[in-house]
Amino acid sequence: MNTVTVSASKNYDILIGSGLMNQLGSLAQKLGKAQKVCLVSESTVFPLYGETAADSLKSAGFTVVTFVFPAGEESKNAQTYLALLNFLAENRLTRSDLIVALGGGVVGDLAGFAAATYLRGIRFIQVPTTLLAAVDSSVGGKTAIDLPAGKNLAGAFCQPSLVLCDTDTLNTLPREIFRDGCAEVIKYGILYDPVLFSHLEKHGLDFDREYVITRCVELKRDVVMEDEFDTGARMKLNLGHTIGHGIEAKSNFTLSHGKAVAAGIAIVSRASGCKDTPRILAILRQFGLPTSTKETADDILCYALSDKKRSADQVNLILPNAIGDCAIVPTPVGQLKSFIQAGL
Ligand code: NAD
Ligand code: GLY
């Protein structure tokens with residue numbers, strides 16, 4: 001097992017290893033004070049891991065209530081969020097009690113936002129069960145729900161009290177969803193770490209999960225400690241995401257987020273003239289991820305800019321110079337079309 005410690009507005013540990021789910025109760029107990037736990041999960045993950053998680057919590061002396069919603073991004077909305085708040089209130093959870101988010105990024109974001117706002121904030125534990133959630137969404141305290149106008153438009157920064165990443169849960173992940181998470185893992189290598197990148201090149205999809213997840217989490221921890229509230233260095237985590245978002249939205253979300261981000265990474269690497277572009281394209285192909293798109297520069301631009309969070313005249317592009325060396329480059333919107341075209 002590896003431990004990564006975050007020191008931000010709240011200090012907490014991220015534990016990564018095999019078989020950790022059984023220790024959920026004893027580790028939660030060490031956080032102190034809580035008597036009741038609301039275990040929040042969804043309809044795919046709960047049947048797989050809900051009983052183990054609940055049993056571990058009960059064995060440690062907690063009273064456990066469970067809130068399970070239908071799996072999928074469609075559930076990450078105001079209706080589910082309000083239903084969860086009402087459930088917490090009806091079950092009389094107090095400010096010293098705990099929420100446990102068991103699932104991928106959808107559960108983590110939604111349960112985290114409920115924890116940030118119920119009684120003006122109660123503690124929560126992230127138990128990520130997808131690769132994306134393990135290396136990205138469970139760490140760093142971004143919580144949110146989607147609004148009809150766009151994704152993640154209502155949310156809060158709220159750090160968890162503990163992240164428990166049991167690498168065994170990834171064994172039941174469908175291969176395509178695992179691949180999607182790999183796009184984010186490759187992203188960390190390109191942004192910060194040539195050694196991590198080389199490990200991924202050498203081992204492909206059979207990479208050492210404990211090492212790779214730990215390394216990604218350490219890298220994210222460093223970024224969050226430098227820029228918890230996302231006003232500077234944290235923007236680098238958006239490598240491939242602006243163009244990827246345009247591709248994903250133009251496909252009406254039929255193309256997965258991970259595949260769209262992979263195509264976005266390939267496009268910015270080519271367009272920026274990154275000297276390691278051949279290695280970046282090769283690793284994306286090795287992981288079964290796309291390096292191109294059928295969409296036009298006009299369409300990508302139009303959908304990328306329809307994001308309601310974006311300011312109108314300038315976009316911060318994250319551009320790779322080499323593996324482990326990327327820059328934030330403020331780019332006028334007027335230059336974006338020719339930039340995208342250069343990378344297609
Ligand atoms: P997800 O939570 O929808 O999980 C993907 C799919 O995998 C779902 O069908 C789920 O039921 C299934 N699944 C989850 N764990 C499983 C397991 N162990 N075995 C079998 N099936 C399993 O999606 P995700 O990709 O984990 O997360 C995407 C969400 O995360 C988006 O809503 C995105 O906005 C958010 N996100 C948040 C942050 C952040 O910093 N907060 C960062 C990146 C993404
Ligand atoms: N997923 C991007 C961030 O946490 O900032």
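Numbering of ligands and ligand atoms starts at 1, following listing order. Residues take their numbers from the sequence shown, with the count starting at 1.
In this structure, CD on Gln159 lies 13.0 Å from CG on Leu162, to the nearest 0.5 angstrom. Atom CG of Asp208 and atom CD1 of Ile213 lie 9.0 Å apart (nearest 0.5 Å).
Contacts with ligand 1 closer than 4.0 Å are made by no heavy atom of Asp180, backbone or side chain. Contacts with ligand 1 closer than 4.0 Å are made by no heavy atom of His257, backbone or side chain. For Ile177, every heavy-atom contact with ligand 1 shorter than 4.0 Å involves the side chain, none the backbone. Contact annotation for Ala71 and ligand 1: only side-chain heavy atoms (C-beta onward) come within less than 4.0 Å of the ligand.
Atoms of ligand 1 found under 4.0 Å from any heavy atom of Gly105 (numbered from 1 in listed order, with element): 2 (O), 24 (P), 26 (O), 27 (O), 29 (C), 30 (O). Below 4.0 Å from some heavy atom of Pro174 lie the following atoms of ligand 1, by number and element: 20 (C), 21 (N). Near Asn152, meaning under 4.0 Å from one of its heavy atoms, ligand 1 places the atoms 34 (O). Atoms of ligand 1 found under 4.0 Å from any heavy atom of Asp136, numbered from 1 in the order shown, are 42 (C), 43 (C). Listed by number with element, the atoms of ligand 1 under 4.0 Å from a non-hydrogen atom of Glu73 are 31 (C), 32 (O). For ligand 1, the atoms sitting less than 4.0 Å from at least one non-hydrogen atom of Val45 are 13 (N), 14 (C), 15 (N), 16 (C), numbered in the order shown with element in parentheses. For ligand 1, the atoms lying closer than 4.0 Å to a non-hydrogen atom of Asp109 are 34 (O), 35 (C), 36 (N), 37 (C), 39 (C), 41 (N). The Tyr49 neighbourhood of ligand 1 comprises atoms 18 (N), with distances under 4.0 Å to a heavy atom of that residue.
Closest to atom 19 (N) of ligand 1 among all protein heavy atoms lies Thr172 OG1, 2.8 Å. Protein heavy atom closest to atom 34 (O) of ligand 1, with residue, atom name and distance, is Lys76 NZ, 3.1 Å. Of all protein heavy atoms, the one closest to atom 22 (C) of ligand 1 is Leu173 CD1, 3.5 Å. The protein heavy atom nearest to atom 1 (N) of ligand 2 is Asp136 OD1, 2.9 Å. Closest to atom 15 (N) of ligand 1 among all protein heavy atoms lies Thr129 OG1, 2.8 Å. Atom 14 (C) of ligand 1 has as its closest protein heavy atom Thr130 CG2, 3.2 Å. The protein heavy atom nearest to atom 38 (C) of ligand 1 is Ser137 CB, 3.2 Å. The protein atom (non-hydrogen) at minimum distance from atom 10 (C) of ligand 1 is Glu42 OE2, 3.1 Å. Here the protein heavy atom with the shortest distance to atom 1 (P) of ligand 1 is Val106 CG2, 3.9 Å.
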(message) Before you tell me yes or no, could you show the steps for His241 and His257 under ring pair (Phe, Tyr, Trp, His ring centres under 6.0 Å), namely the whole-Å CA-CA distance, both residues' side-chain angles and the distance that decides it to 0.1 Å?
(response) CA-CA 9 Å; His241 281 60; His257 178 71; 5.3 Å; yes

(request) For Asn2 and Arg215, run side chain to side chain donor-acceptor pair (under 3.5 Å): C-alpha distance rounded to whole Å, both residues' side-chain angles, the deciding distance at 0.1 Å, then the answer. (result) CA-CA 10 Å; Asn2 293 326; Arg215 191 64 199 121; over 6 Å; no

(request) Assess whether side chain to side chain donor-acceptor pair (under 3.5 Å) is satisfied between Asp13 and Thr3, documenting all intermediate values. (result) CA-CA 6 Å; Asp13 286 339; Thr3 303; 5.8 Å; no

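A donor-acceptor pair is defined here as one N or O able to donate and one able to accept, closer than 3.5 Å; no such pair exists between the side chain of Asp97 and the backbone of Val37. Remark: the backbone N or O of Leu301 is not paired with any side-chain donor or acceptor of Asp298 at under 3.5 angstrom. In this structure, the side chain of Lys58 does not engage the main chain of Ala53 through any donor-acceptor pair within 3.5 Å.
Under 4.0 Å is where a charged nitrogen must lie from a carboxylate oxygen, and between Arg221 and Glu218 no such pair does. Under the 4.0 Å criterion applied to side-chain N and carboxylate O atoms, Glu248 and Lys259 are not assigned as salt-bridge partners.
A donor-acceptor contact under 3.5 angstrom links the side chains of Thr172 and Tyr49, judged on distance only.
In this structure, Phe197 has its ring center no closer than 6.0 Å to that of Phe287.
The distance criterion of under 3.5 Å between nitrogen or oxygen atoms is met by Lys142 with respect to ligand 1. For ligand 2, none of its N or O atoms has an N or O atom of Asn238 under 3.5 Å away. Polar contact with ligand 1: absent for Thr143 (N/O pair, distance under 3.5 Å). Annotation: Asp230 places no N or O atom under 3.5 Å from an N or O atom of ligand 2; distance criterion only.
Hydrophobic clustering, with ILVMFWY side chains joined whenever heavy atoms are under 4.5 angstrom apart, keeps Val4 apart from Leu132.
For atom 44 (C) of ligand 1, the nearest non-hydrogen atom from the set Ile145, Thr169, Leu132 comes from Leu132.
The shortest heavy-atom distance from Lys220 to ligand 2 is under 4.0 Å.
Within 6.0 Å of NZ in Lys10 there are more than 12 heavy atoms belonging to other residues, nucleotides or ligands. Around the CD atom of Glu73, the shell of radius 6.0 Å holds more than 12 heavy atoms that belong to other residues, nucleotides or ligands.
For the side-chain contact (heavy atoms from CB on, under 4.5 Å) criterion with Ile145, the lone passing option out of Asn152, Asn77, Leu110 is Leu110.
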